[in-house]
Amino acid sequence: SFVQDQYQPNNIHLLVGALSQFLYTFDYAHLRRKGKMTAYQKSERDRREQTYLRPAGTLTPSFRRVLDTLEQLGASRPKDGQLTLFTDKKKEYQRVIAQSPVFGDQGAFVHRTVSSRRARNTANPLFAVNYFDREIRKDNANHVRESVQFSRDVNNCNDRLAVYQMYHNYIKPYRIDHRSKRSLRHAQVAGISRRKIDEELATIFQERRFFSHVRLDQSSLLIWARMAGNRDRFSGGYWPRYVWM
């Protein structure tokens with residue numbers, strides 16, 4: 001996708017449960033426009049980068065934040081269990097994982113790579129993230145390809161996806177066409193009790209969730225504090241005091 005214009009493309013990392021399709025976290029990364037461009041588009045990209053566009057190399061720190069979240073999640077698993085991370089073959093991912101003290105020893109954590117050119121069906125180990133990527137494009141107008149409804153602000157883009165994360169994880173049926181699984185939610189398949197889900201949903205539209213009352217990973221903190229910003233500006237906006245109390 002992109003925000004504001006196609007000179008500001010992005011990559012949104014998704015950490016999704018392989019069986020539950022539960023979205024644990026996501027993180028926004030600025031990219032540099034590449035691919036086929038006319039001579040004018042190339043010169044315009046260079047002009048913008050020299051004049052006012054901030055550097056776009058945020059793919060590595062973005063993935064590192066996601067990996068930190070995964071390491072925290074894995075720390076609560078049974079010691080005899082093994083956690084496998086499937087990614088595509090981006091070299092940036094492999095460099096970050098090689099520097100990780102947790103994944104580096106290949107003990108309780110294992111990293112497997114899958115070609116991005118492999119058929120995106122249910123036999124693909126990356127099916128869960130491919131499925132969620134499709135759902136984002138299907139259900140969120142600002143991610144539809146060749147659309148005039150694209151996002152204009154990175155923070156608003158993240159806010160909108162965070163709302164969709166809540167809907168997908170806790171409200172949307174796990175399998176709409178499967179009678180026995182239609183009543184399940186993705187969070188239930190991920191191990192969260194239905195009682196806990198119902199308790200939170202009963203008050204989520206009536207009671208505010210304060211920053212000091214929740215535990216956030218680094219990616220979620222950037223979203224909550226609106227700290228991302230477009231490449232051509234740092235945008236944050238106004239935060240009411242009650243958000244932080």
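From a predicted model like this one, the values you see are computed outputs, not experimental measurements. These values consider heavy atoms only, across backbone and side chains, with no hydrogens, waters or symmetry-generated copies.
Atoms CZ and CD, on Arg54 and Gln8 in that order, are 8.5 Å from each other to the nearest 0.5 Å.
A cation-pi geometry, defined here as NZ or CZ lying under 6.0 Å from the six-membered ring centre and within 45° of its normal, holds between Arg33 and Tyr7.
Side-chain contact check for Ser100 versus Leu67: some heavy-atom pair is nearer than 4.5 Å. Using a 4.5 Å cut-off on side-chain heavy atoms (C-beta onward), Leu73 and Tyr24 make contact.
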Residues 158-166 side chain polar contacts: donor-acceptor under 3.5 Å, at least two apart:
unit_1, atom_1, unit_2, atom_2, d
Asp159, OD2, Arg226, NH1, 2.4
Tyr164, OH, Asp139, OD2, 2.5
Gln165, NE2, Leu23, O, 3.0

Anything under 3.5 Å between a donor and an acceptor, one on a side chain of residues 129-138, the other on a protein residue two or more places apart or in another chain? List them.
unit_1, atom_1, unit_2, atom_2, d
Asn130, ND2, Leu126, O, 3.2
Glu135, OE1, Lys172, NZ, 2.2
Arg137, NH1, His143, O, 2.6

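For the side-chain hydrogen bond (donor to acceptor under 3.5 Å, both in side chains) with Asp5, the lone residue among Arg48, Arg231, Arg152 that qualifies is Arg48. The only option from His111, Arg64, His13 that meets the side-chain hydrogen bond (donor to acceptor under 3.5 Å, both in side chains) definition with Tyr93 turns out to be His13.
Proximity of a side-chain donor or acceptor of Asn155 to a complementary backbone N or O of Ala228 within less than 3.5 Å is detected. Between the side chain of Thr51 and the backbone N or O of Arg47 there is at least one donor-acceptor pair closer than 3.5 Å.
Gln218 and Thr69 share no donor-acceptor pair across their side chains, judged by distance under 3.5 Å alone.
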Open item on the list: For a ring pair (Phe, Tyr, Trp, His ring centres under 6.0 Å) check, start with the C-alpha distance between Tyr170 and His168, then their side-chain angles and the critical distance, and finish with the verdict.
Closed with: CA-CA 6 Å; Tyr170 302 106; His168 174 87; 9.7 Å; no
